[in-house]
Participant: 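Input: one structure, supplied below.
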Number of protein chains: 2
Amino acid sequence: MDNRMRIGELARRAQVTIRTVRYYESIGLLPQGMREGSGQHYYTEDTLVRLRKIDQLKKLGLSLDEIREVVDFYFIDPSGVQSKQKVLSLLRQYLAQTDQKINELQQFSAELRTHIDYFERCFT
Amino acid sequence: MDNRMRIGELARRAQVTIRTVRYYESIGLLPQGMREGSGQHYYTEDTLVRLRKIDQLKKLGLSLDEIREVVDFYFIDPSGVQSKQKVLSLLRQYLAQTDQKINELQQFSAELRTHIDYFERCFT
DNA sequence: GATGAACGTTACGTTAACTTCATGTTTGTG
DNA sequence: CACAAACATGAAGTTAACGTAACGTTCATC
(Lines give C-alpha, C1' and ligand atoms only; values in the text may rest on other atoms or scores of the structure.)
Protein backbone atom coordinates (compact mmCIF):
# COMPACT_ATOMS: atom_id res chain seq x y z
CA MET A 1 0.00 0.00 0.00
CA ASP A 2 1.09 3.55 -0.69
CA ASN A 3 1.88 5.26 2.60
CA ARG A 4 2.87 8.58 1.14
CA MET A 5 -0.31 10.57 1.41
CA ARG A 6 -0.24 14.34 1.50
CA ILE A 7 -2.71 16.64 3.18
CA GLY A 8 -4.89 17.12 0.12
CA GLU A 9 -5.58 13.43 -0.30
CA LEU A 10 -6.07 12.95 3.42
CA ALA A 11 -8.65 15.72 3.58
CA ARG A 12 -10.46 14.62 0.44
CA ARG A 13 -10.72 11.00 1.54
CA ALA A 14 -12.01 12.02 4.97
CA GLN A 15 -14.50 14.49 3.50
CA VAL A 16 -13.12 17.42 5.44
CA THR A 17 -11.24 20.54 4.37
CA ILE A 18 -7.50 20.96 4.47
CA ARG A 19 -8.04 23.78 6.95
CA THR A 20 -9.83 21.35 9.26
CA VAL A 21 -6.92 18.90 9.16
CA ARG A 22 -4.47 21.62 10.01
CA TYR A 23 -6.71 22.92 12.76
CA TYR A 24 -6.92 19.45 14.32
CA GLU A 25 -3.15 19.17 14.13
CA SER A 26 -2.77 22.54 15.77
CA ILE A 27 -4.91 21.58 18.75
CA GLY A 28 -3.30 18.15 19.03
CA LEU A 29 -6.36 16.16 18.06
CA LEU A 30 -4.59 14.67 15.07
CA PRO A 31 -0.87 13.81 15.02
CA GLN A 32 1.29 15.98 12.76
CA GLY A 33 2.20 14.33 9.51
CA MET A 34 5.88 13.46 9.19
CA ARG A 35 7.86 16.07 7.33
CA GLU A 36 10.23 14.58 4.82
CA GLY A 37 12.90 17.18 4.25
CA SER A 38 11.05 19.64 2.11
CA GLY A 39 8.56 20.91 4.62
CA GLN A 40 5.52 19.06 3.39
CA HIS A 41 3.70 16.64 5.64
CA TYR A 42 2.99 13.01 4.85
CA TYR A 43 0.23 10.96 6.44
CA THR A 44 -0.65 7.32 6.91
CA GLU A 45 -3.85 5.33 6.65
CA ASP A 46 -4.05 5.32 10.44
CA THR A 47 -4.38 9.06 10.46
CA LEU A 48 -7.17 8.82 7.92
CA VAL A 49 -9.04 6.32 10.09
CA ARG A 50 -8.64 8.57 13.10
CA LEU A 51 -9.79 11.61 11.19
CA ARG A 52 -12.90 9.81 9.98
CA LYS A 53 -13.67 8.73 13.53
CA ILE A 54 -13.33 12.29 14.76
CA ASP A 55 -15.72 13.48 12.10
CA GLN A 56 -18.22 10.80 12.99
CA LEU A 57 -18.14 11.67 16.67
CA LYS A 58 -18.52 15.33 15.83
CA LYS A 59 -21.73 14.58 13.98
CA LEU A 60 -23.06 13.00 17.13
CA GLY A 61 -22.77 16.37 18.82
CA LEU A 62 -19.52 15.87 20.71
CA SER A 63 -17.24 18.86 20.95
CA LEU A 64 -13.62 18.55 19.91
CA ASP A 65 -12.64 18.65 23.57
CA GLU A 66 -14.93 15.72 24.32
CA ILE A 67 -13.67 13.87 21.27
CA ARG A 68 -10.13 14.32 22.46
CA GLU A 69 -11.12 12.51 25.64
CA VAL A 70 -12.58 9.44 23.96
CA VAL A 71 -11.06 9.05 20.51
CA ASP A 72 -7.88 7.50 21.83
CA PHE A 73 -9.83 4.56 23.17
CA TYR A 74 -10.35 3.44 19.60
CA PHE A 75 -6.64 3.16 18.98
CA ILE A 76 -4.74 2.51 22.17
CA ASP A 77 -3.96 -0.75 23.84
CA PRO A 78 -5.72 -0.97 27.21
CA SER A 79 -2.93 -3.06 28.76
CA GLY A 80 -0.55 -0.13 28.55
CA VAL A 81 -2.76 2.26 30.49
CA GLN A 82 -1.94 3.03 34.09
CA SER A 83 -5.16 4.50 35.40
CA LYS A 84 -7.74 2.10 34.06
CA GLN A 85 -10.25 2.99 36.73
CA LYS A 86 -10.26 6.59 35.58
CA VAL A 87 -10.72 5.62 31.96
CA LEU A 88 -13.51 3.28 32.89
CA SER A 89 -15.40 5.86 34.86
CA LEU A 90 -15.00 8.34 32.03
CA LEU A 91 -16.34 5.82 29.54
CA ARG A 92 -19.26 4.94 31.80
CA GLN A 93 -20.03 8.62 32.15
CA TYR A 94 -20.15 9.08 28.39
CA LEU A 95 -22.28 5.97 28.07
CA ALA A 96 -24.81 7.32 30.56
CA GLN A 97 -24.90 10.69 28.80
CA THR A 98 -25.34 9.05 25.43
CA ASP A 99 -28.15 6.80 26.58
CA GLN A 100 -29.84 9.75 28.23
CA LYS A 101 -29.67 11.71 25.00
CA ILE A 102 -31.06 8.76 23.07
CA ASN A 103 -34.04 8.73 25.39
CA GLU A 104 -34.65 12.43 24.99
CA LEU A 105 -34.37 12.20 21.24
CA GLN A 106 -36.83 9.33 21.21
CA GLN A 107 -39.27 11.49 23.13
CA PHE A 108 -38.77 14.30 20.65
CA SER A 109 -39.29 11.85 17.80
CA ALA A 110 -42.58 10.78 19.36
CA GLU A 111 -43.65 14.40 19.72
CA LEU A 112 -42.85 15.06 16.09
CA ARG A 113 -44.97 12.07 15.11
CA THR A 114 -47.82 13.47 17.18
CA HIS A 115 -47.58 16.81 15.41
CA ILE A 116 -47.48 15.09 12.05
CA ASP A 117 -50.56 13.07 12.92
CA TYR A 118 -52.38 16.22 13.91
CA PHE A 119 -51.63 17.91 10.64
CA GLU A 120 -52.50 14.85 8.62
CA ARG A 121 -55.85 14.60 10.34
CA CYS A 122 -56.66 18.09 9.12
CA PHE A 123 -56.80 16.84 5.53
CA THR A 124 -59.79 14.56 6.02
CA MET B 1 -52.88 32.18 39.61
CA ASP B 2 -50.58 35.14 39.68
CA ASN B 3 -49.92 36.23 36.12
CA ARG B 4 -47.68 39.12 36.99
CA MET B 5 -44.26 37.55 36.55
CA ARG B 6 -41.23 39.67 35.82
CA ILE B 7 -38.12 38.67 33.93
CA GLY B 8 -36.19 37.58 37.00
CA GLU B 9 -38.78 35.03 38.07
CA LEU B 10 -39.28 33.83 34.50
CA ALA B 11 -35.58 33.23 34.04
CA ARG B 12 -35.15 31.57 37.41
CA ARG B 13 -38.09 29.21 36.94
CA ALA B 14 -36.86 28.21 33.47
CA GLN B 15 -33.28 27.76 34.66
CA VAL B 16 -31.87 30.24 32.18
CA THR B 17 -30.26 33.64 32.64
CA ILE B 18 -32.08 36.94 32.28
CA ARG B 19 -29.79 37.79 29.42
CA THR B 20 -30.89 34.65 27.62
CA VAL B 21 -34.54 35.63 27.93
CA ARG B 22 -33.81 39.03 26.49
CA TYR B 23 -31.73 37.51 23.71
CA TYR B 24 -34.59 35.19 22.76
CA GLU B 25 -36.97 38.15 22.75
CA SER B 26 -34.59 40.11 20.56
CA ILE B 27 -34.46 37.39 17.92
CA GLY B 28 -38.20 36.79 18.09
CA LEU B 29 -38.02 33.31 19.56
CA LEU B 30 -39.92 34.36 22.65
CA PRO B 31 -42.75 36.95 22.62
CA GLN B 32 -41.94 40.21 24.35
CA GLY B 33 -43.47 40.51 27.80
CA MET B 34 -46.22 43.11 28.00
CA ARG B 35 -45.01 46.44 29.27
CA GLU B 36 -47.28 47.94 31.85
CA GLY B 37 -46.59 51.63 31.83
CA SER B 38 -43.27 51.77 33.57
CA GLY B 39 -41.07 50.06 31.05
CA GLN B 40 -40.76 46.72 32.78
CA HIS B 41 -42.00 43.58 31.09
CA TYR B 42 -44.48 41.14 32.53
CA TYR B 43 -44.78 37.53 31.47
CA THR B 44 -47.32 34.71 31.66
CA GLU B 45 -47.11 31.02 32.43
CA ASP B 46 -47.41 30.32 28.70
CA THR B 47 -44.15 32.11 28.09
CA LEU B 48 -42.52 30.03 30.80
CA VAL B 49 -43.73 26.81 29.17
CA ARG B 50 -42.45 27.97 25.82
CA LEU B 51 -39.11 28.95 27.28
CA ARG B 52 -38.71 25.57 28.93
CA LYS B 53 -39.53 23.83 25.66
CA ILE B 54 -36.94 25.92 23.84
CA ASP B 55 -34.34 24.96 26.40
CA GLN B 56 -35.24 21.31 26.13
CA LEU B 57 -34.96 21.33 22.33
CA LYS B 58 -31.66 23.13 22.57
CA LYS B 59 -30.27 20.35 24.71
CA LEU B 60 -31.17 17.92 21.94
CA GLY B 61 -28.74 19.78 19.71
CA LEU B 62 -31.18 21.92 17.74
CA SER B 63 -30.00 25.42 16.88
CA LEU B 64 -32.17 28.37 17.76
CA ASP B 65 -33.04 28.76 14.08
CA GLU B 66 -34.23 25.18 13.96
CA ILE B 67 -36.14 25.62 17.20
CA ARG B 68 -37.86 28.64 15.74
CA GLU B 69 -39.13 26.43 12.93
CA VAL B 70 -40.68 23.77 15.14
CA VAL B 71 -41.49 25.22 18.55
CA ASP B 72 -44.73 26.81 17.39
CA PHE B 73 -46.19 23.42 16.62
CA TYR B 74 -46.38 22.75 20.34
CA PHE B 75 -48.70 25.68 20.87
CA ILE B 76 -50.69 26.42 17.74
CA ASP B 77 -53.83 24.88 16.32
CA PRO B 78 -53.02 22.98 13.09
CA SER B 79 -56.40 23.85 11.57
CA GLY B 80 -55.44 27.47 11.47
CA VAL B 81 -52.35 26.90 9.35
CA GLN B 82 -52.58 27.69 5.66
CA SER B 83 -49.56 25.87 4.20
CA LYS B 84 -50.09 22.45 5.73
CA GLN B 85 -48.16 20.54 3.08
CA LYS B 86 -45.10 22.65 3.69
CA VAL B 87 -45.33 22.24 7.44
CA LEU B 88 -45.81 18.50 7.05
CA SER B 89 -42.74 18.09 4.89
CA LEU B 90 -40.74 20.17 7.34
CA LEU B 91 -41.88 18.03 10.25
CA ARG B 92 -41.15 14.83 8.34
CA GLN B 93 -37.69 16.14 7.59
CA TYR B 94 -37.01 16.77 11.27
CA LEU B 95 -38.39 13.35 12.12
CA ALA B 96 -36.04 11.68 9.66
CA GLN B 97 -33.07 13.63 10.98
CA THR B 98 -33.96 12.79 14.55
CA ASP B 99 -34.39 9.09 13.89
CA GLN B 100 -31.12 9.06 12.01
CA LYS B 101 -29.36 10.65 14.93
CA ILE B 102 -30.91 8.16 17.32
CA ASN B 103 -29.48 5.36 15.22
CA GLU B 104 -26.02 6.86 15.19
CA LEU B 105 -26.10 7.45 18.91
CA GLN B 106 -27.18 3.86 19.49
CA GLN B 107 -24.20 2.73 17.48
CA PHE B 108 -21.93 4.98 19.51
CA SER B 109 -23.47 3.63 22.70
CA ALA B 110 -22.70 0.09 21.55
CA GLU B 111 -19.12 1.07 20.80
CA LEU B 112 -18.74 2.57 24.23
CA ARG B 113 -20.01 -0.65 25.77
CA THR B 114 -17.45 -2.58 23.75
CA HIS B 115 -14.65 -0.41 25.03
CA ILE B 116 -15.90 -0.72 28.60
CA ASP B 117 -15.97 -4.49 28.23
CA TYR B 118 -12.41 -4.44 26.97
CA PHE B 119 -11.21 -2.44 29.94
CA GLU B 120 -13.15 -4.51 32.41
CA ARG B 121 -11.61 -7.66 31.02
CA CYS B 122 -8.18 -6.23 31.80
CA PHE B 123 -8.84 -6.50 35.51
CA THR B 124 -9.07 -10.29 35.55
C1' DG C 1 12.99 24.85 -17.04
C1' DA C 2 8.70 26.93 -16.83
C1' DT C 3 4.39 26.84 -14.95
C1' DG C 4 0.25 25.57 -12.66
C1' DA C 5 -1.49 22.78 -8.91
C1' DA C 6 -0.63 21.63 -4.31
C1' DC C 7 1.45 22.91 -0.01
C1' DG C 8 3.09 25.94 4.18
C1' DT C 9 2.42 29.77 7.48
C1' DT C 10 0.49 33.73 9.55
C1' DA C 11 -3.18 36.49 10.51
C1' DC C 12 -7.55 38.31 10.30
C1' DG C 13 -12.72 37.25 9.57
C1' DT C 14 -17.10 34.71 10.72
C1' DT C 15 -21.25 32.68 13.04
C1' DA C 16 -23.99 31.27 17.05
C1' DA C 17 -25.31 32.03 21.37
C1' DC C 18 -24.59 34.15 24.50
C1' DT C 19 -21.70 37.11 28.66
C1' DT C 20 -19.90 41.26 30.54
C1' DC C 21 -19.81 46.05 31.15
C1' DA C 22 -21.60 50.51 31.67
C1' DT C 23 -25.13 53.33 32.87
C1' DG C 24 -29.51 54.74 33.89
C1' DT C 25 -34.64 53.65 35.69
C1' DT C 26 -38.18 51.20 38.61
C1' DT C 27 -39.82 48.68 42.54
C1' DG C 28 -40.68 47.72 47.03
C1' DT C 29 -39.42 47.61 51.89
C1' DG C 30 -37.89 49.90 56.32
C1' DC D 1 -38.30 59.13 51.50
C1' DA D 2 -34.07 56.58 51.32
C1' DC D 3 -31.90 52.94 49.31
C1' DA D 4 -30.84 48.33 47.81
C1' DA D 5 -32.53 44.94 44.65
C1' DA D 6 -34.46 44.27 40.32
C1' DC D 7 -35.02 45.93 35.68
C1' DA D 8 -33.87 48.18 30.86
C1' DT D 9 -30.79 49.20 27.05
C1' DG D 10 -26.80 49.42 24.22
C1' DA D 11 -22.34 48.13 23.02
C1' DA D 12 -18.46 45.46 23.28
C1' DG D 13 -16.27 40.97 24.43
C1' DT D 14 -16.13 35.70 24.34
C1' DT D 15 -15.72 30.79 22.66
C1' DA D 16 -15.72 27.03 19.24
C1' DA D 17 -14.62 25.60 14.97
C1' DC D 18 -13.31 26.68 11.47
C1' DG D 19 -13.18 30.07 6.67
C1' DT D 20 -10.70 33.32 3.85
C1' DA D 21 -6.88 36.08 2.35
C1' DA D 22 -2.20 36.95 1.41
C1' DC D 23 2.05 35.48 0.09
C1' DG D 24 5.89 32.57 -0.44
C1' DT D 25 7.61 27.46 -1.47
C1' DT D 26 7.48 22.77 -3.52
C1' DC D 27 5.90 19.17 -6.81
C1' DA D 28 5.08 17.22 -11.02
C1' DT D 29 4.61 17.32 -15.88
C1' DC D 30 5.11 19.23 -20.49
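In the text below, chain A, chain B and the rest are named by the order of the sequence lines, each starting its count at 1.
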Participant: Is the shortest side-chain N/O distance from A:K58 to OP1 or OP2 of D:dC18 below 4.0 Å?
Facilitator: yes

Participant: A:H41 has a side chain; which of D:dT26, C:dT9, D:dC18 sits nearest to it?
Facilitator: C:dT9

Participant: Nearest whole Å is fine: how far is C:dA6 C1' from A:Q40 CD?
Facilitator: 7 Å

Participant: What nucleotide, of C:dT19, D:dC27, D:dG19, holds the atom closest to the side chain of A:T20?
Facilitator: D:dG19

Participant: Would you call A:R52 and A:D55 a salt bridge, taking side-chain N to carboxylate O under 4.0 Å as the test?
Facilitator: no

Participant: Separation of A:M5 atom CE from C:dA6 atom C1', in whole Å?
Facilitator: 16 Å

Participant: Does D:dC18 have OP1 or OP2 sitting under 4.0 Å from an N or O in the side chain of A:Y24?
Facilitator: yes

Participant: Look at the side chain of A:R6 and decide which nucleotide, out of C:dC7, C:dT26, D:dA17, has an atom nearest to it.
Facilitator: C:dC7

Participant: Take atom CG of B:D65 and atom C1' of C:dC18, then tell me their distance rounded to the nearest Å.
Facilitator: 14 Å

Participant: Rounded to the nearest angstrom, tell me the gap between atom CD in B:Q32 and atom C1' in D:dA8.
Facilitator: 11 Å

Participant: Tell me which one of A:R35, A:R6, A:M34 satisfies side chain to side chain contact (heavy atoms under 4.5 Å, CB included) with A:Q40.
Facilitator: A:R6

Participant: Rounded to the Å, how far apart are B:L57 CG and C:dA17 C1'?
Facilitator: 16 Å

Participant: Base, sugar-phosphate or nothing for B:I18? Non-hydrogen atoms, less than 4.0 Å.
Facilitator: sugar-phosphate

Participant: Starting from P on D:dC18, measure out to CD1 on A:I67 and report it in whole angstrom.
Facilitator: 9 Å

Participant: Rounded to whole angstroms, how far apart are OH on B:Y23 and C1' on D:dC7?
Facilitator: 21 Å

Participant: Could you check how far CG of A:L62 sits from P of D:dA16, rounded to whole Å?
Facilitator: 16 Å

Participant: When you measure only distances, ignoring hydrogens and angles, does the side chain of B:R22 come within 3.5 Å of the base of D:dT9 through a donor and an acceptor?
Facilitator: no

Participant: Please pick, from D:dT20, C:dC18, C:dT9, the nucleotide with the shortest atom-to-atom distance to any side-chain atom of A:R35.
Facilitator: C:dT9

Participant: Look at A:K53 together with A:D72 and state whether they make a salt bridge at an N to O cut-off of under 4.0 Å.
Facilitator: no

Participant: Is the distance from OP1 or OP2 of D:dC18 to the nearest side-chain N or O of A:T17 less than 4.0 Å?
Facilitator: no

Participant: A:S109 pairs by side-chain hydrogen bond (donor to acceptor under 3.5 Å, both in side chains) with which of A:Q107, A:Q106, A:R113?
Facilitator: A:R113

Participant: Is there a ring-ring contact (aromatic ring centres under 6.0 Å, His included) between A:Y118 and B:F73 once you walk through the steps?
Facilitator: CA-CA 10 Å; A:Y118 265 131; B:F73 302 139; over 10 Å; no

